[in-house]
Q: 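Here it is: the structure, laid out below.
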Amino acid sequence: MTPPRTDLLQGTLDVLILKTLFAEPMHGWGISQRIQQLSEDVLQVNQGSLYPALYRLESRGWIRSSWGSSENNRRAKFYELTRAGRKQLAEERESWERFVAAVGRVLEAT
Amino acid sequence: MKSRIAAAFRAFFRRESLEREMDEEMRFHIEMETRKNLGRGMTPEQASTEALRGFGGLDRHKEEGRDASGIPWLESFSQDTRIALRGLKRNPAYALASIATLALGIGANVAVFSVVHAVFLQELPYGGGDRLVRLRQDAPAAGIEDAAFSPVEVADYRSQTRTLQGVVEYHSMSFILLGQTQPERVRTGVVSADFFDVFRVKPLLGRLFLPGEDAHGAEPVLLLSYDYWMKNCGGDPHIVGRAFRMNDKIHTVVGVLPPIPPYPDENDVFMPTSACPFRGGAAASNNRNARMVNVFGRLKPEVRLADVDRDLAVIAGKLSAAFPRDYPGKASGFTVHGIPLTRELTQRARPTFLILLATVALVLLLACANVANLTLARHLRRHREIALRSALGAGRGRLARQMLTESTVLSVVGGVLGLALAAGVLRLLVAFAARFTPRAGEIRIDAPVLLFALAISIATGIAFGLVPALSRQDNLAAALQESGRSTLGSSRYGLRQALIVVQVAVSFMLLIGAGLMLKSLWKLQAVDPGFDVQRVETMRVALNFSKYDNADKRRAFFRRLLDDLAGRPGVDSLGVVGTLPLNQDGGPQNNSFEIEGRPTPSPDLRPQADFQQVSPDYFRTIRAPLAAGRGILASDRPETPKIAVINQTMARHLWPSESPIERRITFDEGKSWITIVGIVGDIRQNGLDRVPGDQAYVALDQYPSLAGSILVRSALSPQAVIGLVRSAVRTIDPDQPVDQFRTLDELRANALASPRLTSILLAAFAALALLITSAGIAGVIAFSVTERTQEFGIRLALGAHPRQVRAMVLRQGMTMVAIGLALGFLGAHLLARLMSGLLFEVRATDPPTFLAMSAILAAVAAAACLGPARQATAVDPMTALRAS
């Protein structure tokens, strides 16, 4: 049985990508798998938004790409976090937590 | 921001490798996904289908990927351009028709704009030219219009003005210049020493006049105009210091002027006032009534035109109070005021070029509508291609952008051709503009004109590209199905009809403009000048002022010349007149006089007429018929009573109920009397379009003049006549030049030239508009006929008469034409108001013209509908029905 899937909130994909790349450089497919896995299949990454997001992040200088070989020895494009990307991740994380806390306070108010 | 632009450029220049990488990356993704699916136990087909489905439209992802990586504008622009060029190459007929239409539309606008820019928008080529004014004095009630000033008055205004810095005078004379290979008559501007300082002109060579060089007794000096220096002195760089003999004095060249507008006249050289024998004479310099010069001034800083007029009114008031005999009274409405030089130089060109500007703007509008229509038709034909691209994931915005790119590519190509076209006709245009303004020499295709061409090209592309781009509301599914055709067409068809309505309206306006102008020209051509222009050669002799310094010498010259030429074989008759008829430079030179037995209460209210000195055979030579009495005879000598012949207008005006013959008039308050001996038919003295005023002719022998035009009626060639006159003049006085050779016919043609050229231009534009519009109508109707093939087939099958079907098609076309005509009618009324200044004896709302043009347009439109209408009835019902 597949668990219920939640569509990604607008704008959260960027921070998830940054977070995923925080650990190690990864290719696009790997990123989508990792997000799915870490969210225990709750978050489904739409491929259609993944690549545009990657190119957008790259053009902003938060990640950079290089070609390497994949685990099965295929040529694949790997993305890694830049210094600016790390800073961006910290900022986005902070604002995400603020947002979650705020939503939580509203929902729990009596 | 900067780094993003840099990234965009980087991305743009490595866009091909980027494209490959994107492709490879996405394939890798799908491969991995497939592999994963296999691992879950799917069959290979299932696995790859599932992976592809999960990924979605590859093209769209790539498109979005491109957008996200910062390439979009640059990349897609160059891509769009490539797609556009490819598309246009596939459809050369469309591309050529569009480009040709646009080239004409844009070219016409660029050409007219180059004139408008140079003449009306650019600053005058004098330093601070917008601060210069010309003074004029008028007394409308006394018939005085733009009177000249006397040197004494110039001195008064110069010393009393508080708003003008520098008041300078100018007049123009013809002198004979000796020192070149042969005697030359040079048009000489006679000016105050500080004239060019006030105009802020810097000399090209040498210097300007120095203060004091216009003082009495100063050494005569000359400034050469740029054109004279180039043409007659070969641009000699060592010309400064050269001496010429003029008026029996040595004149030294002190400088050469830069190219400036030939204003107030086309002068060859300039001299200070003291060097002019006419102006320098004691009579002229002390007589307040010796009004012979123009006056110019420069506004002091901070001063406005209204201040100048007030200042001048104060001075004029003081002068007329101090010298009541020399000024018209209060009743005459006497005023003195300043006219900005900018207006002086451009005023006459304004109505013509305003009309041309409106015309070319309309032509461009029409071109836009036509190309938009062609584009719509083209999009209809390839709607399936577009629908397919849209189904494959090309966004709506992207498609619209691509259409705009295509239209802009077309219009820019059209613009480049149009610019070439404008450059090609520039010389003709300069010659045309020179008829209206001295600024024509400044017309050129320079940076602002190029900028205008670019702007108008891009704006045009966007304008006609936007219409089809915005009208894209296709139902994708319908478009992809074969039967989607008719539903798709309907909204576009309406738009196309609207465009045709616009085209018809614009064409009608252009037709009205051309029609009015042609009718006006036709009326002007039909004007009887009052004489016979065939076979008469004319030329001018202006005697040397200092040599022929009294009446006897002048009389002797002309008498001898006429006697010498009279008997020559081939010469039918010849005469002399002070100023040739159809003379368009300025109005009549009116003199006031009194009629015996009719004392006038005040000098302001005296009758006035233009007086011409003529030789006995003048009327016979130009074949102007005598209406009563006798002409001027050889027996009217200085010692016999003074006589005059008047024209019919003057006879009717001043002697409405009696015969003027044997009546007497006087110029000098009765000291001498002139008897009227005859009445001659009206002659158009001041242009074909000016109704003759009161005109009198006196005997050249009794009032000898310094300059006259010689007219020779002869069967000989003009060259032979010129040779004859030249040799005759040379025998009398070898230093005497003869010039301005023109036949009377040329004179008349010249008077018609500006309206004729304007008519030709407007007619050409209107014809073009008619052609484009009729092609547009035919195209739209043909399209709708094809769309309705089935319907017509059914109608015919059910027994409709072919005539009925034809009438249906025709009605459809003519409905558009009727709406267009109604709109055009309104527009034409607005346009016509602009035209009224150009028209001669035709009202701007002339009903016959409006009627005739409507008929022409309707007939052409009906003819355009006829072809498709015939096609509609040629349909074989069976084929039509099977086609579904």
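Reminder, nothing fancy here: chain letters follow the sequence lines and each chain counts from 1.
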Q: Search all heavy atoms of B:M32 against all heavy atoms of A:W29 and return the closest pair with its distance.
A: CB-CD2, 3.3 Å
Q: Does B:H29 reach the side chain of A:Y51, with side-chain heavy atoms less than 4.5 Å apart?
A: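 Yes. Closest side-chain heavy atoms under 4.5 Å.
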Q: Tell me, yes or no, whether the heavy-atom count around B:K36 atom NZ, taken from other residues, nucleotides or ligands under 6.0 Å, exceeds 12.
A: yes
Q: Decide yes or no on side chain to side chain contact (heavy atoms under 4.5 Å, CB included) for B:F28 and A:R75, but give the supporting numbers first.
A: CA-CA 8 Å; B:F28 170 73; A:R75 223 168 89 85; over 6 Å; no
Q: Tell me, side chain or backbone of A:S65 under 4.5 Å from chain B's heavy atoms, or both, or neither?
A: neither
Q: How long is the straight-line distance from CE of B:M22 back to CG of A:L54, given to the nearest 0.5 Å?
A: 12.0 Å
Q: Rounded to the nearest 0.5 Å, what separates atom CZ in A:R74 from atom CZ in B:R35?
A: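 Spacing of CZ (A:R74) from CZ (B:R35) equals 8.0 Å.
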Q: Output the distance between atom CH2 (A:W67) and atom CD (B:E24), rounded to the nearest 0.5 Å.
A: 4.0 Å
Q: Could you look at B:E31 and say if it's the side chain, the backbone, both or neither that has a heavy atom under 4.5 Å from chain A?
A: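 Just the side chain, heavy atoms under 4.5 Å.
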